[in-house]
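The shown structure was predicted, so the numbers you read here are calculated from the model rather than taken from an experiment.
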Amino acid sequence: MDRTVVIYKGKYGATEQYARWISEALSCDMVDADHFLGRDFEKYDNIIYGGALQAGGIKGFELIKKNRMKILEKKIVIFVVGINVDSKENRIQVREINFDKYALAGMTVYYCMGAFDPSKIKGMDKSIINLTLKMLKKKKEEQWTEDERRLYHDMTEGADYMDRKYIEPIVKEFIPDWTMED
């Protein structure tokens, strides 16, 4: 297999765990984005980048954007981790916020459900959560969609949706006949 690296940037541990699972399945390197330099891209044929979703943005994705000329000829797979519902609308929003129409448009992107513990949230993250909850509360509860109910519950009570099943399509990009038992 070509040289592959899983680069990740998270905040509370879910993205790192997915990166570890993918790295183990592919027997490849795993590097925190804070320790990966632009020149390191030349060592690899395949780049897997995982980032936590924060207000629609992919954490640390600047590493990919600013090095896009170095990675044009490489296979690139992106995975994002968050607690939002995986929907077509949310995937479109992530693409519009993070990918320009030309250089990054062709990248494959996967969504992995994450975990959320409200007791660990501080600073700007807490402000974002409070703003989201405030926006939800503007609607009457009986008018909330099922997704809004779940989001409110997850943000106030916490949630853990992490599951190895989310890495399967990512790993199959490189080992098509791979199964979870491998």
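The existence of a salt bridge linking Lys172 and Asp177 is excluded, since no basic side-chain nitrogen approaches an acidic carboxylate oxygen closer than 4.0 Å. A salt bridge is absent between Lys70 and Glu42; no separation between the charged side-chain nitrogens and carboxylate oxygens falls under 4.0 Å. A salt bridge does not link Asp45 with Lys75: none of the charged nitrogens is closer than 4.0 Å to a carboxylate oxygen. For the pair Arg150 and Asp147, the salt-bridge criterion is not met [side-chain N within less than 4.0 Å of a carboxylate O].
Using bins of under 30°, 30° to 60° and over 60° for the plane-to-plane angle, the ring pair Phe41/Phe36 lands in the perpendicular bin.
When hydrophobic clusters are built by joining Ile, Leu, Val, Met, Phe, Trp and Tyr residues whose side-chain heavy atoms come closer than 4.5 Å, directly or via intermediates, Ile175 is grouped together with Trp21. Following chains of ILVMFWY side-chain contacts shorter than 4.5 Å, one cannot reach Leu53 starting from Met124, and the two form parts of different hydrophobic clusters. Linking Ile, Leu, Val, Met, Phe, Trp and Tyr whenever their side-chain heavy atoms come within less than 4.5 Å puts Ile167 and Ile76 in one cluster. A continuous path of Ile, Leu, Val, Met, Phe, Trp and Tyr side chains, each step under 4.5 Å between heavy atoms, connects Met180 with Tyr166, placing both in one hydrophobic cluster.
Inter-residue side-chain proximity for Lys9 and Tyr49 is flagged as met; some heavy-atom pair is nearer than 4.5 Å. Inter-residue side-chain proximity for Ile64 and Ile71 is flagged as met; some heavy-atom pair is nearer than 4.5 Å. At least one side-chain heavy atom of Lys126 sits less than 4.5 Å from a side-chain heavy atom of Asn130. A 4.5 Å side-chain heavy-atom check between Val109 and Phe79 finds every atom pair outside the cut-off. Proximity of Thr132 to Leu151: side-chain heavy atoms (C-beta onward) are separated by under 4.5 Å at one or more points.
Shown are Ile48, Val81, Val80; of these, the side-chain contact (heavy atoms from CB on, under 4.5 Å) with Tyr18 is made only by Val81.
Judged by distance alone, with hydrogens and angles left aside, the side-chain atoms of Arg164 form no donor-acceptor pair with the main-chain N or O of Ile22 at under 3.5 Å.
Between Cys28 and Thr4, the closest heavy-atom pair is CB-O, 3.2 Å. The two residues Asp154 and Phe116 make their nearest non-hydrogen contact at O-CD2, 3.2 Å.
There is a side-chain donor-acceptor pair under 3.5 Å between Ser119 and Asp117.
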Please assess Glu148 against Gln143 for the test side chain to side chain contact (heavy atoms under 4.5 Å, CB included), listing each intermediate value before the final yes or no. CA-CA 9 Å; Glu148 289 169 331; Gln143 295 176 327; over 6 Å; no
Between Tyr110 and Thr108, is a side chain to side chain contact (heavy atoms under 4.5 Å, CB included) present by the stated rule, with each step listed? CA-CA 7 Å; Tyr110 293 97; Thr108 306; 3.3 Å; yes
Take Asp2 and Tyr44 through the test side-chain hydrogen bond (donor to acceptor under 3.5 Å, both in side chains) and record every step on the way to the result. CA-CA 8 Å; Asp2 295 333; Tyr44 300 98; over 6 Å; no
